[in-house]
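Sequence positions, counted from 1, serve as the residue numbers for this chain. The model shown is predicted, which means the values in this text are computed figures rather than measured ones.
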Amino acid sequence: VETISESDPVSQTFPSTENTIPRSSESSVSSNTAHSSTFSPQLRKLKSIKDTMVKRLRDTSEQISQNVQNSTLKRKVEIGNLGTKILDSVKEVSSAVKKDSKSQSISNSKSASESEVKLKSKAVVHSPEDILKSEGCTARTLTLSDQHATILLTHLAVKDKEKSNSETKLEENGPTDEPVMIKSILKLTLVPYHREILGQNRVLATPEDPWPSADVNITDEEAKKASSSIISHLLSHNFQMKSESGAEYAFYNATPIPSKSPLQFLAKALQSNNSTVILPAGSFHTELISPATQRQIQRAMPSPTTALVQETPHLYSTVTQPYISSIVTPNESGKSSLDWIQQILDKKKETERLLLDHADFILNIDTKWRSHVDPKTTPRSEWKNHECTRDLYCLALFRDPSLLTIRDLRKSHIPLLQAAYSLGLQTIHDIYGIAKDQIRVFFHYQPQFYRLHLHFTRLENEIGASIEKGHLVTDVIQNLQMPNEEEYYLQRTFTYRLRVTDRLYKLLQDASTSHPMECDNTTDEDDKPKELNK
């Protein structure tokens, strides 16, 4: 055994047999040595097994080492590829951002070629001061009375930093390489002594040119000085927002700046017993429409004349209905001129004016009720029998978007009209203490805006009650209740008054001129004299 072990270098790794085989005496060793030749085949077999195992261990070790190296190399390559991909993505994003920024810059530099287009940057202004102080602002008086004045402001679009992604409407035919000019309307409820200042630069309007034109009785230099005088007077007031009813409309209190008016000392003395704050002398309520559309400007213009039109069912279907659709249909970006109404119905705007919230309609304080106490600061318990109720004006807005005017009403809508009528009167009585027989409830045709709405006014209040456009809701319900009159308001002829500068008036006149027989409401039988029966 010792001889074989000494001659095999691999065996050196195993413990010596002398340390593992017990020896009781020299004779036992001699006996083993004597019989070594007998065990030689077994030893050789063991040695062969040992060699095989050692070889397998070495191969396995080498294979494991190689696999580890290959795995590490592969992981390094994968990590390197991933890093390359990340760098490429960063470069692509950076390039795209630069390209988009350049495209955005080019897009923003283009101005409108149509009357109402959208901007990437917001030009809507929610402060009269911003407009009056803007570069190139000019002021011209549209209408003026002892209590009211309507000022047309032409000015550069003032950027709104907080809403730079909103949209606005621009002046018609704006140049592509010039700053955008827009028009705004400032409506003032004022005291008589403002007439001398605000009436210096009035405009004229003719049927041939519905847009404002300068007064020929004053020179350009005089008009310039008058414009500066109006702006200077308006800027001598602080404008504090009362409410914002939609995308274009906002309402303010304008009070004289103390350093520019001695009348502010009267403010504390003008507190009434019912906690209603009376503004200092020289103050006025303000409504701002910015930017103002052509239709809004024309509505505020002093019309040289008005005329009665007869809208037959044929004229309605061929002229008026397409005209209404062009106004209420959303544009490509999904915006509509009636979005502000939906915001009120959704209670996102004018919640302080909400009187009744019904599943089919709401009842609000109309903005034309300007003498109403501040709904934000005056408790509703003090509204009852308040002196401002003499000017009561409330408005019911219907939720159904398919109802635009009374032309859309059918017999099936009778319960809706009855509910709005009865609940509206009851709500007004409960809140303001006004008897139901003292309130006039009516529709307009043509209406101010095309979403069906119902007016509630006190009998003493004549605003909006002209016979040429008013239709009492009780009469409307009765007409729909008539037998075989499912489409009464679709089939009847309406007579109403329009400004001759109104676009609808021109459309109706053109249609009547080109197709007089189709638009005529009479028949051949009506023109023949009736003979007596023989």
Legend entry - Verdict with supporting geometry, Leu454 and Phe361, side-chain contact (heavy atoms from CB on, under 4.5 Å): CA-CA 10 Å; Leu454 192 58; Phe361 57 87; over 6 Å; no
Inset, instruction - Side-chain contact test, heavy atoms from C-beta onward, threshold under 4.5 Å: evaluate it for Cys388 versus Trp369 and give yes or no. - result: yes
Inset, instruction - Give a yes or no on whether a salt bridge exists between Glu352 and Arg380, defined as a side-chain N under 4.0 angstrom from a carboxylate O. - result: no
Legend entry - Donor-acceptor pair, side chain of Asp475 and main chain of Leu472, under 3.5 angstrom: no
Inset, instruction - Work out which heavy atom in Leu417 is nearest to a heavy atom in Phe398; give both atom names and the distance. - result: CD2-CZ, 4.3 Å
Legend entry - Residue pair Thr293 / Gln296, side-chain donor-acceptor N/O under 3.5 Å: yes
Inset, instruction - Look only at the side chain of Ser422 and the backbone of Gln418, and say whether a donor-acceptor pair between them is shorter than 3.5 Å. - result: yes
Legend entry - Distance-minimising heavy-atom pair for Leu363 and Ala396: CD1-N, 3.9 Å
Inset, instruction - Under the salt bridge (Lys or Arg N to Asp or Glu O under 4.0 Å) rule, what do Arg370 and Glu287 come out as? Steps first, then yes or no, please. - result: CA-CA 10 Å; Arg370 299 184 180 182; Glu287 176 186 353; 3.7 Å; yes
Inset, instruction - Under the salt bridge (Lys or Arg N to Asp or Glu O under 4.0 Å) rule, what do Asp502 and Arg497 come out as? Steps first, then yes or no, please. - result: CA-CA 11 Å; Asp502 195 300; Arg497 184 174 64 175; over 6 Å; no
Inset, instruction - Output yes when a side-chain donor or acceptor of Thr389 lies under 3.5 Å from a complementary backbone atom of Leu392, and no otherwise. - result: no
Legend entry - Test side chain to side chain donor-acceptor pair (under 3.5 Å) applied to Lys187 and Thr150, step by step: CA-CA 4 Å; Lys187 295 182 179 181; Thr150 306; over 6 Å; no
Legend entry - Donor-acceptor pair, side chain of Thr405 and main chain of Arg407, under 3.5 angstrom: yes
Inset, instruction - Would you mind reporting whether Arg451 and Pro401 have side-chain heavy atoms less than 4.5 Å apart? - result: yes
Legend entry - Lys NZ or Arg CZ of Arg492 over Phe494 ring: under 6.0 Å, within 45°: yes
Inset, instruction - Determine, step by step, whether Lys506 and Asp510 satisfy the salt bridge (Lys or Arg N to Asp or Glu O under 4.0 Å) criterion, reporting the C-alpha distance in whole Å, the side-chain angles of both residues, the deciding distance to 0.1 Å, and the verdict. - result: CA-CA 6 Å; Lys506 187 177 187 305; Asp510 292 345; 3.2 Å; yes
Legend entry - Exam field: side chain Thr318 to backbone His314, donor-acceptor pair closer than 3.5 Å: yes
Inset, instruction - Before giving the answer on side chain to side chain donor-acceptor pair (under 3.5 Å), spell out for Arg499 and Thr306 the whole-Å C-alpha distance, their side-chain angles and the decisive distance to 0.1 Å. - result: CA-CA 4 Å; Arg499 297 170 184 248; Thr306 58; over 6 Å; no
Inset, instruction - Could you check if a side-chain atom of Tyr393 sits within less than 4.5 angstrom of a side-chain atom of Thr367, using non-hydrogen atoms only? - result: no
Inset, instruction - Would you please classify the geometry between the Trp340 ring and the Phe449 ring as parallel, tilted or perpendicular, with 30° and 60° separating the classes? - result: perpendicular
Legend entry - Glu487 and Arg410, any side-chain heavy atoms less than 4.5 Å apart: yes
Legend entry - Step-by-step side chain to side chain donor-acceptor pair (under 3.5 Å) determination, Tyr488 to Gln478: CA-CA 11 Å; Tyr488 176 87; Gln478 184 178 4; over 6 Å; no
Inset, instruction - Verify side chain to side chain donor-acceptor pair (under 3.5 Å) between His155 and Ser184, making sure each step is shown before the conclusion. - result: CA-CA 8 Å; His155 56 93; Ser184 300; 2.8 Å; yes
Inset, instruction - Verify the neighbour count for atom CG of Asn484: are there more than 12 heavy atoms of other residues, nucleotides or ligands below 6.0 Å? - result: no
Legend entry - Any Val476 side-chain heavy atom under 4.5 Å of Phe442 side chain: no
Legend entry - Derivation of the salt bridge (Lys or Arg N to Asp or Glu O under 4.0 Å) call for Asp391 and Lys368: CA-CA 9 Å; Asp391 301 322; Lys368 289 186 284 293; over 6 Å; no
Inset, instruction - Answer yes or no: is there a donor N or O on one side and an acceptor on the other, between the side chain of Thr329 and the main chain of Ser326, under 3.5 Å? - result: no
Legend entry - Side-chain heavy-atom pair Cys394, Asn364 within 4.5 angstrom cut-off: no
Inset, instruction - Check whether any side-chain heavy atom of Asp400 lies under 4.5 Å from a side-chain heavy atom of Asp360, and answer yes or no. - result: no
Legend entry - Candidate pair His471 and His444, rule ring pair (Phe, Tyr, Trp, His ring centres under 6.0 Å), full reasoning: CA-CA 6 Å; His471 301 266; His444 279 158; 8.8 Å; no
Legend entry - Validation row: Ile131, Ser290 side chains within 4.5 angstrom (heavy atoms): yes
Inset, instruction - Give a yes or no on whether a salt bridge exists between Asp430 and Lys384, defined as a side-chain N under 4.0 angstrom from a carboxylate O. - result: no
Legend entry - Nearest heavy-atom neighbours spanning Tyr432 and His372: OH-NE2, 2.8 Å
Inset, instruction - Please say whether the positively charged group of Arg503, taken as NZ for Lys or CZ for Arg, lies over the ring of Tyr323, i.e. under 6.0 angstrom from the six-membered ring centre and within 45 degrees of the axis. - result: no
Inset, instruction - Could you please spell out the steps behind the ring pair (Phe, Tyr, Trp, His ring centres under 6.0 Å) verdict for Tyr496 and Tyr445? - result: CA-CA 7 Å; Tyr496 53 85; Tyr445 192 83; 5.4 Å; yes
